[in-house]
J.: 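Please read through the structure below; I'll follow up with questions.
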Amino acid sequence: ETKPRIPVLWLHGLECTCCSESFIRSAHPLAKDVVLSMISLDYDDTLMAAAGHQAEAIIEETIEKYDGNYILAVEGNPPLNEDGMFCIIGGKPFTEQLLHAAEHCKAIISWGSCASWGCVQAARPNPTQATPIHKVPGIPAKPIIKVPGCPPIAEVMTAVITYMLTFEQIPALDRQGRPKMFYSQRVHDKCYRRPHFDAGQFVESFDDEGARRGYCLYKMGCKGPTTYNACSTIRWNGGLSFPIQAGHPCIGCSEDGFWDKGSFYQH
Ligand code: SF4
Ligand code: SF4
Ligand code: F3S
């Protein structure tokens with residue numbers, strides 16, 4: 001409570017904004033407490049009152065005032081093709097804004113599968129050359145915390161920020177750069193349908209008897225056995241449910257390349 005609020009610049013590249021939509025639904029802590037009491041959200045295209053040149057000027061002010069001491073949170077990614085013309089912010093390619101803000105930050109948080117892996121806009125043949133943050137040429141050697149998921153779980157997002165503010169360090173990361181505390185187990189490891197998997201009881205088609213009985217969704221394409229995320233432990237909407245509990249297989253939305261690996265229905 002006595003710590004100064006750490007400045008955060010939250011940039012948006014190619015994305016759908018549902019990472020922000022997830023974030024504002026955090027129940028523990030409430031997103032409003034994070035934004036009003038824990039961080040100083042100095043710039044966020046979707047959550048700020050300022051607009052136009054005034055908004056862009058805030059980035060320069062923050063860099064000047066807090067050089068090396070602010071967190072850069074990135075939602076979405078830059079398209080590198082055609083000199084970045086597929087995503088223009090304030091009259092310039094998003095890539096420029098990203099590299100400039102990254103140069104002076106303390107650490108980068110890559111929100112969601114867009115910033116962490118590329119996501120659907122990077123799907124083959126990736127015409128805009130959408131590129132995840134850690135692979136952008138010229139990105140400075142700053143710590144990058146990947147928080148993948150499409151979107152990430154709200155409480156995972158706010159917990160990562162809370163951890164960084166409380167302990168004044170970045171959380172322990174796995175080999176892929178994800179916080180171990182939320183990404184070290186597979187959805188399958190804690191799935192409540194797991195006893196049915198072990199017993200060989202599977203849903204064979206949507207709405208069959210097995211589906212009504214809550215059997216395992218593996219034969220419906222569930223990617224839970226290869227997906228590292230906290231959905232089966234923390235769940236969504238304040239712990240209410242998660243895709244598998246709603247009767248649908250996990251599509252592995254937090255895994256690198258899920259969009260090109262047959263997770264979606266084919267026609
Ligand atoms: Fe949207 Fe998914 Fe990208 Fe987040 S990771 S901005 S939810 S497409
Ligand atoms: Fe594993 Fe998916 Fe079956 Fe759950 S529904 S036990 S995650 S295969
Ligand atoms: Fe995504 Fe699978 Fe969780 S689809 S939301 S990682 S259950």
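Both ligands and their constituent atoms are indexed starting at 1 by order of listing.
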J.: Could you report the tightest heavy-atom contact between Met164 and Ala107, atom names first, then the distance?
T.: CE-CB, 4.3 Å
J.: Starting from atom 2 (Fe) of ligand 1, which protein heavy atom do you reach first, and at what distance in Å?
T.: Cys150 SG, 2.3 Å
J.: Quick test: of every protein heavy atom, which one is nearest to atom 4 (Fe) of ligand 1, and how far off is it to 0.1 Å?
T.: Cys19 SG, 2.3 Å
J.: What's the shortest distance from atom 1 (Fe) of ligand 1 to any protein heavy atom, and which residue and atom give it?
T.: Cys16 SG, 2.3 Å
J.: Asp207 versus Arg212: any side-chain heavy-atom pair under 4.5 Å?
T.: yes
J.: With atoms numbered from 1 as shown, which atoms in ligand 1 lie under 4.0 angstrom from a non-hydrogen atom of Glu15?
T.: 6 (S)
J.: Any heavy-atom pair between the side chains of Phe94 and Ile88 that's under 4.5 Å?
T.: no
J.: Decide whether the shortest distance between a heavy atom of Gly149 and an atom of ligand 1 is less than 4.0 Å.
T.: yes
J.: Is the shortest side-chain heavy-atom distance between Asn229 and Ile153 below 4.5 Å?
T.: yes
J.: Measure up the Trp117 and His134 rings against each other and bin them: parallel (under 30°), tilted (30 to 60°), perpendicular (over 60°).
T.: perpendicular
J.: Answer yes or no: is there a side-chain heavy-atom contact under 4.5 Å between Pro249 and Phe206?
T.: yes
J.: Would you call the rings of Trp111 and Trp10 parallel, tilted or perpendicular, where under 30° means parallel and over 60° means perpendicular?
T.: tilted
J.: For a quick test of reading the model, state the closest non-hydrogen atom pair linking Ser113 to Cys253 and the distance between them.
T.: OG-O, 2.6 Å
J.: Does a side-chain heavy-atom distance below 4.5 Å link Asp44 with His12?
T.: yes
J.: Excluding waters, which protein N, O or S atoms are within less than 2.8 Å of atom 2 (Fe) of ligand 3?
T.: Cys250 SG
J.: Are side-chain N/O atoms of Glu64 and His104 paired as donor and acceptor at under 3.5 Å?
T.: no
J.: Might you confirm whether atom NZ of Lys142 has over 12 heavy atoms from other residues, nucleotides or ligands at distances under 6.0 Å?
T.: yes
J.: Does ligand 1 have an atom under 4.0 Å from some heavy atom of Gly76?
T.: no
J.: Do me a favour and list the nearest non-hydrogen protein atom to atom 5 (S) of ligand 1 with residue, atom name and distance?
T.: Ser113 N, 3.2 Å
J.: Excluding waters, which protein N, O or S atoms are within less than 2.8 Å of atom 4 (Fe) of ligand 2?
T.: Cys191 SG
J.: Assess, by modelled atom type and distance only, whether the side chains of Ser40 and Asp42 contain a donor and an acceptor separated by less than 3.5 Å.
T.: yes
J.: Is a side-chain donor-acceptor pair under 3.5 Å present for Ser20 with Glu75?
T.: yes
J.: To the nearest 0.1 Å, how far is atom 3 (Fe) of ligand 1 from its closest protein heavy atom, and which atom is that?
T.: Cys114 SG, 2.2 Å
